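Worksheet for the structure shown next.
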There are 2 protein chains.
Amino acid sequence: MNTKSHTSTPAYQQLKDHVLQMIEAEHWRGGDMIPPEEQLAKEFGLSRMTVNRAMRELVTERVLMRIRGSGTFVADTRYQSTLIEVRSIADEIKSRGDTYSSKLLLLQRTDDIAMIQTLGLPPDGPAYHSRIVHFENDVPIQLEDRHVNGLVFPGYINQSFENETPNEYMTGIAPAQGVEYWVTARQAPAFVRQALKMAIGEPCLVLHRRTRVRGTVATDVVLWHPASRYQLSGKF
Amino acid sequence: MNTKSHTSTPAYQQLKDHVLQMIEAEHWRGGDMIPPEEQLAKEFGLSRMTVNRAMRELVTERVLMRIRGSGTFVADTRYQSTLIEVRSIADEIKSRGDTYSSKLLLLQRTDDIAMIQTLGLPPDGPAYHSRIVHFENDVPIQLEDRHVNGLVFPGYINQSFENETPNEYMTGIAPAQGVEYWVTARQAPAFVRQALKMAIGEPCLVLHRRTRVRGTVATDVVLWHPASRYQLSGKF
DNA sequence: CAGTGGTCTAGACCACTGT
DNA sequence: CAGTGGTCTAGACCACTGC
């Protein structure tokens with residue numbers, strides 16, 4: 001009957017993790033059919049609805065694809081779309097032969113509730129907030145406004161970021177397992193305009209990115225760039 | 001009982017649509033609490049699980065936010081959208097359940113030398129130029145400024161683009177084999193501002209893309225979007 | 001036809017919020 | 001404490017696929 005998993009992670013999430021592991025371990029590969037809902041339900045002692053939720057979510061996350069009447073399949077190759085690179089801005093600048101430098105404007109614990117929720121933390125659960133300006137040949141080129149999940153990166157608050165960008169620090173501790181991003185154009189709010197020494201009215205190219213580690217949001221970062229000094233580019 | 005809606009659109013989707021309409025009509029505004037699941041279930045004659053599914057999906061789509069123990073609220077923020085995929089804007093709009101339309105502003109042969117060179121054509125070699133505005137629910141959302149290699153797409157100049165976007169037409173003839181793109185933020189030049197009915201000073205999110213077929217540039221397109229109405233997004 | 005996913009119900013227990 | 005969302009069940013009927 002009711003074998004509720006009081007392990008705090010819900011059953012559908014555990015099933016999702018299991019599927020991801022099977023794919024990760026290449027027991028299931030792109031195009032493979034995976035067991036039908038009913039079978040998974042039996043194996044895991046769940047109702048079909050719970051299995052169905054796990055499957056549906058993995059479809060929205062483009063891990064699986066389903067065809068009604070035939071089955072559920074591991075989605076084909078990981079894309080593409082954009083390599084809005086997980087690459088560090090420092091590397092990017094240095095690879096152009098320019099000089100990279102940075103300035104830490106702010107690094108503190110935050111109690112911003114909305115952000116704490118985004119990070120999937122309890123209301124008091126440690127969340128950190130940092131702001132750093134990145135310079136190319138002493139010209140400010142990016143303002144990094146970052147929030148960090150303190151459970152994933154407990155040492156974040158003690159970093160100086162003199163020899164390492166947050167991006168590099170975090171990649172070393174827990175590599176990203178999933179990234180969502182949005183790109184927008186915005187007029188610069190005052191704190192951005194000042195930090196980047198921008199002209200009034202100059203638009204910003206804004207890259208907002210959320211990175212997941214083991215299913216939870218590990219960091220949420222908003223990267224502000226003066227339109228005149230930065231563009232994204234890519235190829236596929 | 002079982003009052004299944006055989007209206008082909010599932011109940012949870014109808015409820016989602018209803019919520020979106022309430023927000024659209026500004027009956028519910030950013031930050032407002034919306035009725036609890038149980039009440040919605042009664043009003044719509046649905047089980048709570050079905051209501052819950054609709055709400056959960058709207059949360060993933062960032063339309064709503066929920067706080068356990070307190071309620072469900074309209075998300076403050078703005079609009080969703082897309083990815084830098086080769087996907088057609090028409091599909092993208094339709095998949096959001098919105099109405100797509102377009103208007104052809106210009107379609108002619110061009111003798112723009114720089115562009116002819118970019119397309120790898122001889123100085124007289126056929127190059128075409130088109131401009132189309134794409135609308136979502138009659139709101140202009142993208143100005144497509146496109147140049148086309150006439151050797152790759154000889155029939156381009158004779159299209160009406162009434163039932164097919166240039167993108168769809170070209171994909172049918174010769175699928176892209178390579179794509180380069182740049183994303184920038186720009187203040188809108190006059191012709192863009194007029195075509196998209198933008199406010200003066202509003203920035204544009206500009207996506208510039210070159211597509212290659214058999215090594216040569218088949219098409220060069222600049223997509224202008226009002227910053228307030230469009231953002232790119234994606235995941236990997 | 002059997003197998004599969006798509007949707008839905010009518011309950012249930014739990015965790016958390018706010019008073 | 002009552003109100004709210006988070007999760008789960010054990011069925012059910014349907015639509016579609018492929019044999």
Side-chain angles (χ1 to χ4, degrees), chain A residues 1-19 28 31-60 63-75 111 113-114 116-118 120-125 215-216, chain B residues 1-19 28 31-60 63-75:
Chain A
M1 309 293 231
N2 203 325
T3 317
K4 280 286 180 45
S5 62
H6 277 248
T7 53
S8 82
T9 39
Y12 73 89
Q13 182 61 54
Q14 291 182 37
L15 179 51
K16 283 175 68 177
D17 290 342
H18 175 258
V19 171
W28 296 340
D32 285 0
M33 181 171 165
I34 76 170
E37 295 191 348
E38 217 149 357
Q39 187 181 326
L40 289 173
K42 256 180 208 160
E43 277 180 26
F44 287 81
L46 300 172
S47 78
R48 210 193 116 208
M49 269 305 278
T50 302
V51 175
N52 181 269
R53 172 169 177 182
M55 297 299 112
R56 268 191 294 111
E57 294 193 0
L58 287 171
V59 168
T60 8
V63 172
L64 299 178
M65 63 168 285
R66 320 194 81 182
I67 300 177
R68 161 146 64 174
S70 342
T72 303
F73 308 85
V74 177
D111 53 5
I113 275 294
I116 285 174
Q117 235 198 335
T118 296
L121 290 168
D124 62 331
T216 63
Chain B
M1 321 273 204
N2 203 326
T3 318
K4 282 280 184 47
S5 62
H6 276 248
T7 52
S8 82
T9 37
Y12 74 89
Q13 183 59 54
Q14 290 181 38
L15 179 51
K16 283 175 68 178
D17 290 342
H18 175 258
V19 171
W28 297 341
D32 285 0
M33 181 173 167
I34 77 171
E37 295 191 348
E38 215 148 0
Q39 187 181 326
L40 288 173
K42 255 181 208 158
E43 279 180 24
F44 287 81
L46 300 173
S47 79
R48 211 192 116 207
M49 269 304 277
T50 302
V51 175
N52 182 269
R53 172 169 176 182
M55 298 298 113
R56 266 192 295 111
E57 294 194 359
L58 287 170
V59 168
T60 5
V63 173
L64 300 179
M65 65 168 284
R66 321 193 80 182
I67 300 176
R68 162 146 66 174
S70 23
T72 303
F73 308 86
V74 177

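Predicted model only: the values in this text are computed from it and were never measured. Per chain, numbering begins at 1; letters A, B, ... match sequence-line order.
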Please determine whether any donor N or O and acceptor N or O are separated by less than 3.5 Å between the side chain of A/Arg68 and the base of C/dG3. no
Does A/Gly69 or A/Arg56 map to a spot on DNA chain C nearer the 5' end, using the closest nucleotide for each?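 The residue mapped nearer the 5' terminus is A/Gly69.
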For atom [atom1] of [X] and atom [atom2] of [N], their distance in whole Å:
X        : N      : atom1 : atom2 : result
B/Glu38  : C/dC14 : CD    : P     : 17 Å
A/Met55  : C/dT7  : CE    : P     : 15 Å
B/Met65  : D/dT4  : CE    : C1'   : 14 Å
A/Arg48  : C/dT9  : CZ    : P     : 15 Å
B/Lys42  : C/dA10 : NZ    : P     : 13 Å
A/Gln14  : D/dT7  : CD    : P     : 12 Å
A/Ile116 : C/dT17 : CD1   : P     : 12 Å
A/Phe44  : D/dT9  : CZ    : C1'   : 18 Å

As a test of reading the structure: which of [options] is closest to the side chain of [X], going by heavy atoms?
X       : options              : value
B/Asn52 : C/dG5, D/dT7, C/dC8  : D/dT7
B/Glu37 : D/dT4, C/dT7, D/dG6  : D/dG6
B/Met49 : D/dT17, D/dG5, D/dT9 : D/dT9
B/Ala11 : D/dG5, C/dG5, C/dC8  : C/dC8

Steps toward side-chain contact (heavy atoms from CB on, under 4.5 Å) verdict (A/Leu40, A/Met55): CA-CA 10 Å; A/Leu40 289 173; A/Met55 297 299 112; 3.9 Å; yes
Within the pair [X] and [N], is there a side-chain N or O less than 4.0 Å away from OP1 or OP2?
X       : N      : value
A/Tyr12 : D/dT7  : yes
A/Thr50 : D/dT9  : yes
A/Ser70 : D/dT17 : no
B/Arg66 : D/dG6  : yes
B/Thr72 : D/dT4  : no
B/Arg53 : C/dT7  : yes

Name the residue closer to the 5' end of DNA chain D, choosing between A/Ile67 and A/Val51 according to the nucleotide with the nearest heavy atom. A/Val51
Comparing B/Pro36 with A/Ser47, nearest DNA chain D nucleotide closer to 5' gives the residue B/Pro36
Check B/Glu38 with B/Lys42, please: is the shortest side-chain N to carboxylate O separation under 4.0 Å?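 No, B/Lys42 and B/Glu38 are not salt-bridged.
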Please examine the side chains of [Y] and [X], heavy atoms only from C-beta on, and report whether any two atoms are closer than 4.5 Å.
X       : Y       : value
A/Val51 : A/Phe44 : no
B/Glu57 : A/Arg56 : yes
B/His18 : B/Glu43 : no

Here DNA chain D, pairs taken as Watson-Crick or G-U under 3.5 Å and shown with ( ), [ ] when crossing and | when to another strand, reads ||||||||||||||||||.
Identified side-chain contact (heavy atoms from CB on, under 4.5 Å) counterpart of B/Lys16 within the set B/Val63, B/Leu64, B/Leu58: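 It is B/Leu58; the other options fail the test.
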Results of ring-ring contact (aromatic ring centres under 6.0 Å, His included) for B/Tyr12 - residues two or more places apart only: none
Quick check: does any side chain N or O of A/Gln39 sit under 3.5 Å from a backbone N or O of A/Ile34, one acting as donor and the other as acceptor? no
